[in-house]
Amino acid sequence: METLQMKEAALVYLDRSGGLQKFIDDCKSYNDSKQSYAVYRFSILIDPCDVVELDADLGNHILHHPLKAARVFQSVCFVAVKTLSLIGQLQTETQINIVLKLTHLPALPSYTLDLCEFPLNYASQRFYMMQGIVIAMTTITKYTQGARFLCSDGVCPLSKGFQYVRVHVPGATESATVRNDFLCSLCSSSLQEDRKFRVLGDKQIVEIITTKMFHAFQGDSKNQPFRFQSLGIFLRDELVNKMKIGNEYKIIGIPVCVKTSQTALCVEANNITPHTAKVPLGISDNFRRLLSLTSSSCWKFTAMLANVFASQIVAPGTYNLLKLCLLMSLVQTRDCNREREDCLDILVITSDTLLVDRLLNFSMNLVSRGIRHPVCTEVFPTVSRNKYGTGAVSIQAGSALLAKGGICFIGDLTSHKKDKLEQLQSALESRSVTVFIPGKKFGDDFDQQMTFPIQCSFWSFVDMDSSSRRNVQKTSTLIGQMDCSLIPANLAEAFGLLINCSEASPCHPLLPTVQHTLKKAVEPEGLLYLASKQFTTEDFEKLLAFAKSLNMEFSLEAERMIHGYYLASRRIRTDSIHGSKLSASALKYLVSLSEAHARLSLRTTVLREDALIAALLLEISLTLRYGATPFCVAPNALFPFELYNEEYLEQRDLYLTQCQQQLQQFIATCGPGTTVFSIPNKKKGKITFHAP
């Protein structure tokens with residue numbers, strides 16, 4: 001009686017939810033094919049809340065006994081097929097394979113599988129919800145959805161028809177569905193598979209880790225030693241290729257214990273939804289007051305941000321140029337669907353690697369996807385045999401793909417081998433990486449290759465005081481040019497920003513750095529400056545999150561200035577032998593830098609003042625590479641004075657206004673007369689405009 005009531009409730013739910021009509025349409029597709037199958041597979045979308053309200057017993061079965069619930073729907077669907085004559089080829093109920101797809105699970109702790117909790121309950125064979133980031137995935141292989149078996153004794157009644165149909169269930173291996181030792185229940189003769197009725201489906205395995213484990217990649221020296229393990233997720237049929245490496249997902253599935261070379265906990269996925277980050281609510285009161293006090297200028301707020309940023313690592317007022325660039329790079333990090341030209345890669349030339357390493361590591365941790373590349377792993381994806389024995393090739397993410405939408409900090413550039421640097425240069429230039437899968441090595445008939453987009457910003461530094469650097473040091477003959485012979489020239493050009501923080505640069509104030517180091521040695525955990533108390537790390541995290549969420553558009557004046565500077569700079573750095581030293585990607589960096597400064601200023605419109613900051617930053621980088629031009633930007637152009645009070649901020653504004661006039665003169669003098677160009681705009685698509 002209880003089963004009958006659940007069948008009635010299942011039929012009512014199918015009718016009310018529209019599932020019955022979808023089932024009828026699917027049956028029509030099977031019937032029109034005029035082909036007999038061992039198994040007819042149907043997916044039914046289930047809202048657990050609606051089912052529980054309709055019938056508590058059926059809802060309980062769906063949540064806690066999904067295999068039994070599937071049999072209830074199987075019986076209902078079989079009756080519907082026979083009553084309505086939907087599939088003429090269907091003979092037995094066992095030929096119907098029902099897959100219940102849950103829209104969600106109750107928001108209760110007992111329905112969440114926390115990968116950090118122990119012991120994990122994987123013996124209950126019910127649905128759980130888990131959340132994690134994809135760190136590896138296999139190529140697609142086939143599995144048996146269902147197969148027809150016949151008794152080998154010709155006189156046995158079960159040597160015909162579809163009495164023996166085996167269907168894949170969650171957690172079952174291929175041998176559980178198809179093998180040669182099954183016996184007839186009537187005469188005990190061996191069963192033989194009728195191969196022409198075998199139904200195949202697609203299968204893929206991905207590995208995820210919980211976001212709680214991400215601190216393992218964030219280089220926090222205070223963390224105690226720990227160990228974490230990935231979780232295998234089996235994707236089948238319509239779920240194949242629904243997950244991408246580096247993305248975060250919520251997964252509903254049934255935990256199973258898979259026995260390969262060693263027993264491993266896996267999950268048979270039932271439904272997948274991409275994880276969406278929470279929308280930030282706003283900024284702290286202290287930052288709001290600072291924004292109000294500096295509202296008269298387009299440059300003061302970001303100057304103060306750079307001045308007080310990372311006061312736990314360096315003294316306020318030191319390394320301001322580098323800190324401004326880091327903040328601008330951080331606000332250009334976005335979710336995993338962001339445009340690739342938004343990335344801002346930074347290469348720092350320094351003689352104090354310890355301090356710069358700490359500063360970059362601290363800054364990286366302000367975003368959720370800040371990855372410090374471990375020396376023992378690979379930056380880019382690699383291939384290997386998967387550990388689940390399915391014959392597929394496993395592609396491991398690497399640090400760059402794990403940092404999707406964030407920062408990949410790769411440490412000292414000179415610590416990487418030549419082939420890895422060449423791979424890095426290619427990735428920086430193309431914003432993609434291609435993985436080659438040799439078929440012969442992995443038992444396949446043909447080679448494959450897969451291309452992954454690189455959607456993170458790279459940070460790195462070069463030690464000016466290394467022994468190899470001192471041995472090959474060269475004297476530059478061009479004003480402002482810096483010897484970067486320690487790294488390949490093309491690789492240095494591939495980084496958008498080149499920042500000089502060596503002892504000879506204005507970005508390296510020695511005395512405040514020494515004083516900060518001594519204070520920190522006396523009070524390692526103390527807040528040494530008022531700025532550290534007023535603007536905490538959490539305040540900066542909120543500020544960056546809010547700035548990243550802003551939707552931007554470009555003003556016409558900003559577009560003209562970006563366009564004019566790019567063309568003038570490209571023209572002045574072009575010779576008849578080598579062509580232009582300024583690549584087309586420089587325009588993307590100008591656009592991204594302008595947008596980043598506007599975001600950091602908490603504005604939604606990019607102004608010409610933002611375009612000026614972008615032009616100055618790029619010109620400083622280009623001067624370090626190729627020497628000065630008639631624009632002639634000083635290395636400390638963005639911070640010509642120490643920022644102590646309002647008077648110094650006013651002096652800086654006057655200085656930047658003069659720089660803006662010089663830039664306009666440079667554009668008028670060195671730019672071509674008329675030309676047509678276009679840059680991407682976030683709201684308007686592509687904008688075409690003419691140089692003045």
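The shown structure was predicted, so the numbers you read here are calculated from the model rather than taken from an experiment. Along the sequence shown, residues are numbered consecutively beginning with 1.
Between Gln131 and Glu248, the side chains place a donor N or O and an acceptor N or O closer than 3.5 Å (distance only, hydrogens not considered). A donor-acceptor contact closer than 3.5 angstrom links the side chains of Gln145 and Asp237. Side-chain contact of Ser152 with Ser190: a donor-acceptor pair under 3.5 Å is present, judged by distance alone. Between Thr451 and Ser432, the side chains place no donor N or O within less than 3.5 Å of an acceptor N or O (distance only, hydrogens not considered). Inspection of the Ser185 and Tyr164 side chains reveals an N or O donor paired with an N or O acceptor under 3.5 Å. His64 and Tyr111 share a donor-acceptor pair across their side chains, judged by distance under 3.5 Å alone. Judged purely by distance below 3.5 Å, without hydrogens or angles, the side chains of Gln449 and Thr434 never pair a donor atom with an acceptor atom. Residues His416 and Glu422 have side chains that never bring a donor and an acceptor to within less than 3.5 angstrom of each other.
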Exercise. May I have the step-by-step check of side chain to side chain contact (heavy atoms under 4.5 Å, CB included) for Ile135 and Ile208, ending in yes or no?
Key: CA-CA 6 Å; Ile135 64 169; Ile208 66 169; over 6 Å; no

Exercise. Give the intermediate values and the outcome of side chain to side chain contact (heavy atoms under 4.5 Å, CB included) for residues Arg198 and Thr144.
Key: CA-CA 7 Å; Arg198 181 183 290 192; Thr144 303; 3.9 Å; yes

Exercise. Take Asn361 and Arg372 through the side chain to side chain contact (heavy atoms under 4.5 Å, CB included) test and state the conclusion after the steps.
Key: CA-CA 7 Å; Asn361 196 84; Arg372 185 188 179 101; 3.1 Å; yes

Practice problem: Show the numbers, then the answer: is there a side chain to side chain donor-acceptor pair (under 3.5 Å) between Thr382 and Gln396? | Solution: CA-CA 5 Å; Thr382 56; Gln396 306 294 322; over 6 Å; no

Exercise. Test side chain to side chain contact (heavy atoms under 4.5 Å, CB included) on Met364 and Trp459 and set out the steps.
Key: CA-CA 9 Å; Met364 172 201 75; Trp459 290 357; 4.1 Å; yes

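Other residues, nucleotides and ligands contribute over 12 non-hydrogen atoms within 6.0 Å of the NZ atom of Lys82.
The backbone N or O of Arg385 sits nowhere less than 3.5 Å from a side-chain atom of Ser394 that would complete a donor-acceptor pair. In this structure, the side chain of Ser457 engages the main chain of Leu344 through a donor-acceptor pair within 3.5 Å. In this structure, the side chain of Asn247 does not engage the main chain of Met243 through any donor-acceptor pair within 3.5 Å. Here the side chain of Ser460 pairs a donor or acceptor atom with the backbone of Gly411 at under 3.5 angstrom.
Rounded to the nearest 0.5 angstrom, Ile140 CD1 and Gln448 CD are separated by 9.5 Å. Interatomic distance, Leu191 CG to Leu158 CG, rounded to the nearest 0.5 Å: 8.5 Å. One finds the CD1 atom of Ile252 at 8.5 Å from the CE atom of Met130 (value rounded to the nearest 0.5 Å). Gln423 contributes atom CD, which lies 7.5 Å from atom OG of Ser426 (distance to the nearest 0.5 angstrom). Summarising the geometry, atom CG belonging to Asn271 is positioned 12.0 Å from atom CE belonging to Met129; distances are rounded to the nearest 0.5 Å. Separation of atoms CD1 (Ile371) and NZ (Lys404) is listed at 13.5 Å; rounding is to 0.5 Å.
The shortest distance between side-chain heavy atoms of Ile346 and Phe495 does not fall below 4.5 Å. Contact annotation: the side chain of Leu330 approaches that of Ile407 to within less than 4.5 Å [non-hydrogen atoms, C-beta and beyond]. Here the side chains of Arg166 and Val39 are not in contact, with every heavy-atom distance at 4.5 Å or above. The side-chain heavy atoms of Gln125 and Ile254, taken from C-beta on, include a pair separated by under 4.5 Å. Residues Asp447 and Ile437 fail the side-chain proximity criterion, which asks for heavy atoms closer than 4.5 Å. Taking 4.5 Å as the limit, every side-chain heavy atom of Gln192 sits out of range of all side-chain heavy atoms of Leu150. In this structure the side chain of Leu113 reaches within 4.5 angstrom of the side chain of Pro255, judged on heavy atoms. Side chains of Leu421 and Leu413 form a contact here, defined as non-hydrogen atoms less than 4.5 Å apart.
Residues in residues 137-150 take part in these salt bridge (Lys or Arg N to Asp or Glu O under 4.0 Å) pairs, two or more places apart or across chains: Lys142-Asp202, Arg148-Asp194. Pairs passing the side-chain hydrogen bond (donor to acceptor under 3.5 Å, both in side chains) check and including a residue from residues 10-24, sequence neighbours excluded, read Gln21-Asp25, Lys22-Asp26.
Between Thr333 and Lys548, the shortest heavy-atom contact is O-CD, 2.8 Å. Between Cys456 and Cys408, the shortest heavy-atom distance links the atoms SG-CB, 3.8 Å. The minimum heavy-atom distance linking Leu54 with Ala9 is given by the pair CD2-O, 3.3 Å. The minimum heavy-atom distance between Ala80 and Leu86, with the atom names listed, is O-CD1, 3.9 Å. Ser75 and Lys7 make their closest contact through OG-NZ, 3.0 Å (heavy atoms, listed as atom of the first residue, atom of the second, distance). Counting all heavy atoms, side chain and backbone alike, Arg369 lies closest to Gly405 at CB-C, 4.5 Å.
For His65, the ring pair (Phe, Tyr, Trp, His ring centres under 6.0 Å) test picks out His61, with sequence neighbours left out. Scored by the ring pair (Phe, Tyr, Trp, His ring centres under 6.0 Å) test, Tyr249 finds no partners at all (sequence neighbours excluded). For Phe380, there are no ring pair (Phe, Tyr, Trp, His ring centres under 6.0 Å) partners, not counting sequence neighbours.
With respect to Leu235, the side-chain contact (heavy atoms from CB on, under 4.5 Å) criterion is satisfied by exactly one of Lys203, Gln204, Lys242: Gln204. Screening Leu84, Val81, Asp32 for a side-chain contact (heavy atoms from CB on, under 4.5 Å) with Cys27, the sole residue that qualifies is Val81.
Ion pair Glu193/Arg179 not flagged as a salt bridge, since none of the NZ, NE, NH1 or NH2 atoms sits closer than 4.0 Å to an Asp/Glu carboxylate oxygen.
Figure legend: Arg126 and Tyr128 shown as a cation-pi pair, the cationic atom lying under 6.0 angstrom from the six-membered ring centre and within 45 degrees of its axis.
Note on ring orientation: taking the six-membered ring where Trp is involved, the planes of Phe182 and Phe149 are perpendicular (angle over 60°, cut-offs 30° and 60°). Ring-plane geometry between Phe42 and Tyr30 is classed as perpendicular, the angle between the planes exceeding 60 degrees on a 0 to 90 degree scale with a lower cut at 30.
Note: His168 and Tyr143 meet the aromatic proximity criterion, with ring centroids under 6.0 Å apart.
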Throw together a table of side-chain donor-acceptor distances under 3.5 angstrom for residues 87-102, partners on residues two or more places apart or in other chains.
from: Gln89; atom 1: NE2; to: Gln35; atom 2: O; distance (Å): 3.2
from: Thr92; atom 1: OG1; to: Thr94; atom 2: OG1; distance (Å): 3.0
from: Thr92; atom 1: OG1; to: Phe162; atom 2: O; distance (Å): 3.1
from: Gln95; atom 1: OE1; to: Gln91; atom 2: N; distance (Å): 2.9
from: Gln95; atom 1: OE1; to: Thr92; atom 2: N; distance (Å): 3.0
from: Gln95; atom 1: NE2; to: Tyr37; atom 2: O; distance (Å): 2.9
from: Lys101; atom 1: NZ; to: Glu238; atom 2: OE2; distance (Å): 3.0
from: Lys101; atom 1: NZ; to: Asn270; atom 2: O; distance (Å): 2.9

